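All values reported here derive from a predicted model rather than from experimental measurement. Positions are given from 1 along the sequence.
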Amino acid sequence: MEHSIGDFVTHRSSGVCEVTDIASVQGMDPSLLFYYLDPIYGEDKGNVVLVRVSAEGALKKAMGKKEVKELLDNWPKGDDLYILDSKKRKSSYDTALMQGDIKLLTFLVIGAKQRKAREGVLNSMDSMFLSRAEPLVYGQIAHAYGLDYADVYEFIEKHTK
């Protein structure tokens, strides 16, 4: 088995999770083992996420300080990272969430937040994207540096100037 109980992993849609158990699911084939995950941030916090142990690549080790520092060192900059074409933006959102690509997610989150700062509101697609993507990006940073999630925004501001 690739991960052990107590490991912190990244699930592409639930973000940073702790592996709380590795077991079969009652009522299913007992030879099928699942990781029982406890999401730490975002909409899935408080739920149990099950991932088959045999699902290669479904989980990655949570980012460490070195990887997060590299992310912060290469933090997307620019005044307008928002993708204006709604079809391209939707496709980018879907791809980034499906792949769990932290760099693409970061770029898209910043773009959506720039639009919100500029216009004061977001459409429903952007709002839904942010509600899923922010915990994926900011959760990695909070976990790697042992921060409270609420302190991540200030931490990013200090470390990306």
Side-chain angles (χ1 to χ4, degrees), residues 1-25 28 32-76 81-83 85-116 122-150 152-153 155-156 160:
M1 285 182 217
E2 189 175 316
H3 305 288
S4 302
I5 295 171
D7 284 354
F8 288 92
V9 296
T10 301
H11 181 270
R12 71 173 184 229
S13 63
S14 297
V16 179
C17 301
E18 182 177 6
V19 177
T20 59
D21 200 2
I22 303 169
S24 59
V25 175
M28 292 183 68
L32 293 176
L33 293 179
F34 290 81
Y35 293 113
Y36 285 68
L37 306 177
D38 180 18
I40 300 183
Y41 311 103
E43 293 177 357
D44 292 335
K45 183 177 180 172
N47 294 319
V48 174
V49 176
L50 298 177
V51 175
R52 284 182 62 173
V53 169
S54 63
E56 291 293 322
L59 302 174
K60 297 184 243 179
K61 184 178 177 189
M63 293 172 73
K65 280 186 180 180
K66 180 180 177 184
E67 295 159 303
V68 169
K69 182 179 180 337
E70 184 179 317
L71 178 69
L72 294 170
D73 288 347
N74 295 298
W75 199 254
L81 302 177
Y82 186 72
I83 300 169
D85 182 301
S86 64
K87 288 181 183 178
K88 287 181 183 176
R89 190 171 66 253
K90 169 101 170 79
S91 176
S92 295
Y93 287 173
D94 291 345
T95 299
L97 288 169
M98 185 179 75
Q99 294 175 353
D101 182 335
I102 195 77
K103 290 176 184 168
L104 180 55
L105 285 166
T106 301
F107 178 88
L108 295 168
V109 164
I110 292 169
K113 290 175 80 72
Q114 286 175 340
R115 178 176 186 208
K116 184 175 183 178
L122 289 176
N123 63 36
S124 62
M125 178 176 62
D126 294 336
S127 293
M128 288 189 319
F129 169 73
L130 281 180
S131 73
R132 293 301 297 170
E134 281 185 306
L136 299 177
V137 173
Y138 300 139
Q140 290 281 0
I141 297 167
H143 179 262
Y145 280 88
L147 302 170
D148 286 339
Y149 188 83
V152 170
Y153 301 99
F155 181 83
I156 291 169
T160 60

Inset, instruction - Show the numbers, then the answer: is there a side-chain contact (heavy atoms from CB on, under 4.5 Å) between Leu50 and Tyr36? - result: CA-CA 5 Å; Leu50 298 177; Tyr36 285 68; 3.3 Å; yes

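- Here the side chains of Val109 and Leu136 are not in contact, with every heavy-atom distance at 4.5 Å or above.
- Of all heavy-atom pairs between Val53 and Tyr35, the closest is CA-CE1, 3.7 Å.
- In this view, Phe8 and His143 satisfy the ring-ring contact (aromatic ring centres under 6.0 Å, His included) rule, not counting sequence neighbours.
- Looking at residues two or more places apart in sequence or on another chain, you find no salt bridge (Lys or Arg N to Asp or Glu O under 4.0 Å) involving Asp7.
- The side chain to side chain contact (heavy atoms under 4.5 Å, CB included) search around Phe107 returns Pro76, Leu81, not counting sequence neighbours.
- Between Glu134 and Tyr41, the closest side-chain pair of non-hydrogen atoms is not below 4.5 Å.
- The backbone N or O of Ser92 sits nowhere less than 3.5 Å from a side-chain atom of Thr95 that would complete a donor-acceptor pair.
- For the residue pair Thr10 and Ala62, the shortest heavy atom distance occurs at OG1-CA, 3.4 Å.
- Taken from CZ in Arg12 to CD in Gln99, the straight-line distance is 9.5 Å, to the nearest 0.5 Å.
- For the pair Leu108 and Ile83, the minimum side-chain heavy-atom distance is below 4.5 Å.
- Aromatic ring centres of Phe155 and Tyr145 lie closer together than 6.0 Å.
- Checked by atom type and distance alone, the side chain of Thr106 pairs as donor or acceptor with a backbone atom of Ile102 at under 3.5 Å.
- Note that CG of Asp44 is 4.5 Å distant from CZ of Arg132, once rounded to the nearest 0.5 Å.
- The distance from atom OH of Tyr153 to atom NZ of Lys113, rounded to the nearest 0.5 Å, is 5.0 Å.
- Contact check for Val19 versus Leu37: side-chain heavy atoms found under the 4.5 Å cut-off.
- Rounded to the nearest 0.5 angstrom, Ile141 CD1 and Lys65 NZ are separated by 13.5 Å.
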Inset, instruction - Determine, step by step, whether Lys116 and Asp126 satisfy the salt bridge (Lys or Arg N to Asp or Glu O under 4.0 Å) criterion, reporting the C-alpha distance in whole Å, the side-chain angles of both residues, the deciding distance to 0.1 Å, and the verdict. - result: CA-CA 9 Å; Lys116 184 175 183 178; Asp126 294 336; over 6 Å; no

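- At a threshold of 4.5 Å between non-hydrogen side-chain atoms, the residues Ile40 and Tyr149 do not count as touching.
- Separating the CZ atom in Arg52 from the CG atom in Leu59 is a distance of 13.0 Å, to the nearest 0.5 Å.
- The two residues Leu105 and Gly100 come nearest to each other via the heavy atoms CD1-C, 4.1 Å.
- Once rounded to the nearest 0.5 Å, the distance linking NZ of Lys61 with CD of Glu2 reads 11.0 Å.
- A donor-acceptor distance shorter than 3.5 angstrom exists from the side chain of Asn123 to the backbone of Met125, with no hydrogens or angles considered.
- At least one side-chain heavy atom of Tyr138 sits less than 4.5 Å from a side-chain heavy atom of Ile156.
- Minimum heavy-atom separation, Ile22 to His3: CD1-O, 3.4 Å.
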Legend entry - From CA spacing to verdict: side-chain contact (heavy atoms from CB on, under 4.5 Å), Arg89, Tyr82: CA-CA 8 Å; Arg89 190 171 66 253; Tyr82 186 72; 2.8 Å; yes

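- Across all their heavy atoms, Glu67 and Gly64 have their closest contact at OE1-N, 2.7 Å.
- The shortest side-chain heavy-atom distance between Met28 and Phe34 falls under the 4.5 Å cut-off.
- With hydrogens and angles ignored, the 3.5 Å screen pairs no side-chain donor or acceptor of Gln140 with any backbone N or O of Val137.
- You'll find the side chain of Leu32 stays beyond 4.5 Å of the side chain of Val25, heavy atoms only.
- Of the residues listed (Ser14, Pro135, Ser13), the one engaging Pro39 in a side-chain contact (heavy atoms from CB on, under 4.5 Å) is Ser14, and it is the only one.
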